[in-house]
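None of the values given here were measured: they were computed from a predicted structure.
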Amino acid sequence: MSLRTLRIPAAVLAAATLASLFTASPAGAGTIPSAVAADGRKVLSADFSGNSLPAGFRPVDGKWEVKDGRLYGASADAGQQSRITFGEHLDDFRMEVTARFESVKDSARWLAMGMDVPADGSVPWSIATMRSGTSAANGLEFAQRTTAGGWNVTDTAAAPSAAGVGRDVRIAVEVHGSKARWFFDGREALRTTRVVRSEQGVEALVVNGATVSFDDLSVTELPEQGFIRPEGSPMTVIAHRGGSSAAPENTLVSDEVGRRGGAEYIENDVQPSKDGIPYVMHDTTVDRTTDGAGPIRGLTAAQLDGLDAGSWFAPAYAGAKVPTLATQLDDLRTRGGDMLLEIKGSHTRDQVATIVKTVRDSGMTERVFVQSFEVDHLRYARELAPELPLGLLRGSLDEDPVALATELRLASYNPSDGALAKRPGVVADLHAAGVAVMVWTVDSPDRWKALESMGVDAVITNRPAELTGWNAAQLQSRPEPPKAPLLSITSPAAGTGLDRAQRPVPAVQATGADKITLTLDGSPVTAGEPLDLTALAAGRHTLRAEATGPGGVSRAESVFTVQATRTGLAHLILTTDADANHVSTMTAMLGRGQYTQLARWAEKHSGKHIPADSAELIAAEARALAGS
């Protein structure tokens, strides 16, 4: 059923959309810890220190090359998506890389981390995108390149700061099935539940209308996503009967409002019709939420399909239907979001089996969480579908929630807010047993604050957009974590050509650094002390700087060239410890441009009248000039 058919009021959709866009991009959010387990398998690690593409990297389009310790990808224009694929198919993983825009056609051009891309680079593929103008409202995106060659952009946000051109940015994406989190310089900036996955797709880098360099790329396999929230991460938002404060509960339009409001889960109640079809309905009768009457279990599927489930809420929703569980699962699969499915009221084992079959037939077993007040329902579900996570709903706390959760092998224990308020310490006890806590049904910011302080993992609410916004506000109020130092080498400038007569002074600019070290071709040097170029071979030399500060480590390098020049050769001759007669002879040869003779003279008297190391440099410099 389309949104147009359901005639959602424009004001409701606009408000929900704005809330989603704002709250999905907490510009001032604190650091969100990575979900990488200590024993996570490192699938790939590349620092691009060689001279060619690492093994297993497959260029698909555009120009890809390794140089100066980085991977460079170039795209000629906005119509070219230059791609390079690598890695392996993973359901749960973290991909992280340092990226720098070297040049862009315009600020709308982008780079992307490929989350699910066929190894040959063909469509469709799913990516996490970053524009050079990252502070724009769509500076960060989750998107899919469709089979038809079009774009499906599912989520957008502004990054906490601008990437621009010439700046290194550490970016990462964590993927768990269809869910993903976008990290910009260590801070979570965007979430999605709508990553389109395949059975074979691998990882990739993509460049559009730009030249981008990459460094320190890693792909780490993660454990399956748990339900206990990581420290510092916001509480999971669960939309109670959909966005039920703004749309008729337990309808597809309510699901859509909840999804647009930022909910990761849609909570719905399931009961059977007279002919055994699972329908989404909370009450035992259809009287309150439809234009019909009677118990839901006394009406056939045909009768339920004919009911209007929207007019009672507002005239604009006239025509909304009571969805079957299958219809709702199809909607979630195609439009995004996971389901917290409550088996409502009394169910036999066969009726639970019908629910399980419906979930399996929809291909949604990895995106459905089952809960119930009835222990028997959970036992049936465990027996029939051990792959489904289970949650026990409670209006008051059991004497020993941990023991019961362990017995039932629960993924979560789901008490009412009032019950938990009497024994808040049970949250820590359940967490110690590996059991999450999802609390129902809470619409007050004061209570959200209390639940967050307790460590509650998820909140079921009628106001998903407001809770999503509240989560974002909490993240924004946290102190910004220290950033890695800003570091650049100002002298000698990269690409500079120098001769032996020059004595460049190494200089760096750094902020946020406690310690700075410099090396020239791997040997320590001191900032502020001139470099002696008479001791260096002709050719390329690399000055590297490393700055360490509270926010981490930053590195920079400058590659310069020592060149043969008449001035440089004169400096070598005049500063050598050769005797005066030989200095005079070599100076005369230099003045007459007799480079070959000068080289032979230096070699002939090497170690006798001219120190051997000086003679070697003078001869090499003279031969270089002779051949120029």
Side-chain angles (χ1 to χ4, degrees), residues 35 223-241 263-270 282 338-347 349 352 355-356 368-444 446-462 464 467 471:
E224 290 185 15
Q225 187 176 33
F227 299 100
I228 298 176
R229 66 181 169 111
E231 183 181 355
S233 186
M235 296 182 294
T236 295
V237 179
I238 302 175
H240 185 233
R241 308 177 198 171
E264 293 186 46
Y265 282 85
I266 305 297
E267 187 272 346
N268 283 131
D269 310 281
V270 177
H282 174 270
D338 292 352
M339 175 186 272
L340 180 58
L341 184 160
E342 180 181 346
I343 302 176
K344 194 73 174 178
S346 177
H347 279 69
R349 184 183 184 280
V352 173
I355 292 172
V356 168
V368 170
F369 193 121
V370 174
Q371 66 173 359
S372 180
F373 283 96
E374 305 299 328
V375 169
D376 283 347
H377 296 168
L378 300 182
R379 295 190 196 278
Y380 296 151
R382 171 67 64 193
E383 177 187 345
L384 294 162
E387 71 273 20
L388 293 174
L390 304 178
L392 177 62
L393 286 161
R394 280 296 188 245
S396 59
L397 298 185
D398 296 282
E399 181 177 350
D400 190 344
V402 172
L404 184 57
T406 302
E407 177 193 346
L408 296 175
R409 289 179 286 172
L410 300 179
S412 72
Y413 186 86
N414 302 352
S416 68
D417 181 35
L420 187 62
K422 297 174 182 178
R423 289 170 57 191
V426 78
V427 175
D429 296 337
L430 287 161
H431 282 176
V435 180
V437 179
M438 301 178 177
V439 180
W440 55 275
T441 298
V442 190
D443 296 333
S444 163
D446 289 341
R447 291 306 303 158
W448 294 337
K449 181 65 176 176
L451 295 174
E452 184 192 48
S453 299
M454 291 179 203
V456 163
D457 304 291
V459 172
I460 301 170
T461 180
N462 297 304
L467 177 53
N471 274 340

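Scanning all heavy atoms of the two residues, the minimum distance from Leu341 to Val270 falls at CG-CG2, 3.8 Å. The two atoms that bring Pro415 and Val437 nearest to each other are CD-CG1, 4.0 Å, heavy atoms only. For the pair Arg382 and Pro386, the tightest heavy-atom approach, listed with the atom from each and the gap, is NH1-O, 3.1 Å. Minimum interatomic distance between Ser416 and Gly395 (heavy atoms only, all atoms of both residues): OG-O, 3.1 Å. The two residues Ala405 and Val435 come nearest to each other via the heavy atoms CB-CG2, 4.0 Å. Residues Val456 and Ala458 come closest through the heavy atom pair CG1-O, 3.3 Å.
Proximity of Ile343 to Ile355: side-chain heavy atoms (C-beta onward) are separated by under 4.5 Å at one or more points. Counting only heavy atoms from C-beta outward, the side chains of Leu404 and Leu410 never approach each other to under 4.5 Å. Between Arg349 and Leu384 the shortest side-chain heavy-atom distance falls below 4.5 Å. Residues Leu392 and Ser372 are not in side-chain contact: their nearest non-hydrogen atoms beyond the backbone lie 4.5 Å or more apart. Within the 4.5 Å cutoff, the side chain of Trp440 has no heavy atoms near those of the Asp417 side chain. Side-chain contact between Met235 and Leu451 is present, with at least one heavy-atom pair separated by less than 4.5 Å. When side chains are defined from C-beta on, Leu340 does not count as touching Ile266, because their heavy atoms never get closer than 4.5 Å. Between Tyr413 and Asp398, some side-chain heavy-atom pair lies under the 4.5 Å cut-off.
To the nearest 0.5 Å, atoms CG (Leu467) and OG1 (Thr461) are separated by 5.5 Å. Distance check: Arg447 CZ to Leu420 CG gives 8.0 Å after rounding to the nearest 0.5 Å. Residue Gln371 holds its CD atom at 10.5 Å from CG of Leu390, rounded to the nearest 0.5 Å. Here the CG atom belonging to Leu378 is positioned 6.5 Å from the CG atom belonging to Leu408, to the nearest 0.5 angstrom. Atom NE2 of residue His282 and atom CZ of residue Arg241 lie 3.5 Å apart, to the nearest 0.5 angstrom. To the nearest 0.5 angstrom, His377 atom NE2 is 6.0 Å from His347 atom NE2.
Distance alone, capped at 3.5 Å, is enough to place a donor-acceptor pair between the Arg394 side chain and the Phe373 backbone.
Listed by chain and residue number, Lys344 satisfy the side chain to side chain donor-acceptor pair (under 3.5 Å) test with Glu342 (two or more places apart in sequence, or in another chain).
Between the side chains of His431 and Asp457, at least one donor N or O sits under 3.5 Å from an acceptor N or O. No side-chain donor from either of Ser444 and Asp446 sits under 3.5 Å from a side-chain acceptor of the other.
Classification of the Tyr265-Phe227 ring pair by plane angle, with boundaries at 30° and 60°, yields tilted.
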Are Met438 and Ile238 close enough, and set up right, to give a side-chain contact (heavy atoms from CB on, under 4.5 Å), and what steps lead you there?
CA-CA 9 Å; Met438 301 178 177; Ile238 302 175; 4.0 Å; yes
Evaluation steps, side-chain contact (heavy atoms from CB on, under 4.5 Å), between Leu430 and Val402
CA-CA 6 Å; Leu430 287 161; Val402 172; 3.9 Å; yes
Any chance you could lay out the side-chain contact (heavy atoms from CB on, under 4.5 Å) test for Val426 and Leu397, step after step, and finish with the verdict?
CA-CA 9 Å; Val426 78; Leu397 298 185; 4.1 Å; yes
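Comment: Glu407 engages Arg379 in a salt bridge, judged by a side-chain N to carboxylate O separation of less than 4.0 angstrom.
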